[in-house]
There are 2 protein chains.
Amino acid sequence: MDKCEQCIIRQFNSLKALTRDELVRISDCKTFKTIKKGEVLFEEGQRIDGVYCIKKGVCKLSKISDNGRDQIVHLVKRGDLLGERSLINNEVSNLKATALNEMQVCFIPKVEIINDLKKNPNFTMDVLKNMALSLKASDNVIVDMAQKTVKQRLALMLLYLEEKFQFRENGSLNIYLSREDVASIIGTATESAIRLLAEFKKKELINLKGKEIFLLNKTSLKQISEGL
Amino acid sequence: MDKCEQCIIRQFNSLKALTRDELVRISDCKTFKTIKKGEVLFEEGQRIDGVYCIKKGVCKLSKISDNGRDQIVHLVKRGDLLGERSLINNEVSNLKATALNEMQVCFIPKVEIINDLKKNPNFTMDVLKNMALSLKASDNVIVDMAQKTVKQRLALMLLYLEEKFQFRENGSLNIYLSREDVASIIGTATESAIRLLAEFKKKELINLKGKEIFLLNKTSLKQISEGL
DNA sequence: CAAAAAATATGATAAATGTCATATTTTAAT
DNA sequence: ATTAAAATATGACATTTATCATATTTTTTG
């Protein structure tokens, strides 16, 4: 396990604002963990008491609705921090975190982070900035969920996946999602997601090979997402 | 116009974390403004360069979707701060703010707030906490928008309005919304909102007198919101 | 006050989406 | 390799919701 002060991952998140001394201190008390695909990092309602720094892999953050369906609210990947919000408000987690593939994470206990928040204004400011960005993104998602059709949201999601995860060597999106997960992201029934994916494929906007998705016509996808 | 250090409104928001000296300084450079019902405080895409402290009244924060419909993302009332996020990220506003009734607001220039964020960790921490709370709330709205029917969302909204705005003396919700605004909050067509309100009235869950809404059966509204 | 404009209301219909049933394919387990 | 289980796919149908038309009521304006 790397030492934090030598780990490049921190460049992708707020930990980059910490001083060398602070990193050394954190390095000494952090724990390392491997999570298998499908395993749950933490449950909705669980006390986390710390922050996860994602070293490898992707997980979904979801919340179960009254109707029993899981809604995926965020996808979190390498470089992202997880659990800051619950930590800041001293609350149990509002969301459930499930690994979408094999993950490697470092866990930093709460006291350490709180300590840094109190003493290093650069760190606090960076956390604040990221939170403000997340808030803007969330507002935009609310608008899309409320105003766009399922078809528009699927097109939007495909473009978002490319932006966030890029492509594999063969040109497919660099993330595997089950049809159920796709439905959970755009907020629809699994059958509807499957049907629309098939429709997109038929129209040659995308190609599907198992869980691999290829974007063939991004211009059209963009237009569909905008309702044109 | 009150001086900030004597103004009770600040108790309701992060300004309560400021010291007396800081308040005095802010008081000297703030400006006071009255906004009439229907007037726009700021537009989507507009640079705000400061923070509004709402002294009186209510406004809606909305974003226009590709389909041309406005989606209301937040309702902001007396005591709330407005514009922190844009300020923190140094971005233009992501949302449009429109007064729902006559408002009185104080405007605090950006430099002053930035100054306090840098020097007063209590203030920063309070802003951070509020932002974390907003983020949790936004995540919950995303789930509701994605997973609940329009009827469920209407029931949910009515209960939310009571919680946020309480009742007038006559027992009606202490906020006036047009049917269009109701639709804009729950993310549906105006006609659908009208129909569902009529249905709720017929079932004696609510009563309607013009723009006044009376909640007659909160238990049932709760059940409807949960899909029972 | 009268006329015009805006908001609210309601019906008819179309489109979108969910639900249930079932078939097929893929993956996992023995 | 064979069977079982899970995921994906597709059809039929019901329900929800949007859209358009139009009527009625309320509010605004001159």
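In what follows, every chain begins at residue 1, and chains take the letters A, B, ... in the order their sequences are listed.
- Contacts between chain B and DNA chain D, taken as any atom within less than 4.0 angstrom of a protein heavy atom, begin and end at D/dT17 to D/dC20.
- Under the ring pair (Phe, Tyr, Trp, His ring centres under 6.0 Å) criterion, B/F165 pairs with no residue, sequence neighbours left out.
- Between A/K203 and A/E199, at least one side-chain N (NZ, or NE/NH1/NH2) sits under 4.0 Å from a carboxylate O, which counts as a salt bridge.
- Salt-bridge check for B/K218 with B/E162: passed, with a basic side-chain N closer than 4.0 Å to an acidic carboxylate O.
- Mapping B/G210 and B/A146 onto DNA chain C by nearest heavy atom places B/G210 closer to the 5' end of the strand.
- Within the structure, a side-chain polar atom (N or O) of A/R69 is placed less than 4.0 Å from OP1 or OP2 of C/dT19.
- A straight line from CZ of B/R179 to P of C/dT10 spans 10 Å, rounded to a whole angstrom.
- B/K36 and B/N101 form no side-chain donor-acceptor contact under 3.5 Å, judged by distance and modelled atom types alone.
- Within the nucleic acid shown, B/K201 has no heavy atom closer than 4.0 Å to any nucleic acid atom.
- We find that A/D80 and A/K164 are joined by a salt bridge, their nearest charged nitrogen and carboxylate oxygen being less than 4.0 Å apart.
- Residues A/D139 and B/R85 are paired through a salt bridge, judged by an N-O separation under 4.0 Å between the basic side chain and the carboxylate.
- Of the residues in residues 180-199 of chain A, those placing a heavy atom less than 4.0 Å from an atom of DNA chain C are A/T188, A/A189, A/E191, A/S192, A/R195, in numerical order.
- In this structure, B/K209 forms a cation-pi arrangement with B/F214, its terminal cationic atom sitting closer than 6.0 Å to the ring centre and no more than 45° off the ring axis.
- Electrostatic pairing of A/D144 and A/R153 does not count as a salt bridge here, judged by no charged N lying under 4.0 Å from a carboxylate O.
- Nucleotide C/dA15 holds its C1' atom 15 Å from the CG atom of B/N67, rounded to whole Å.
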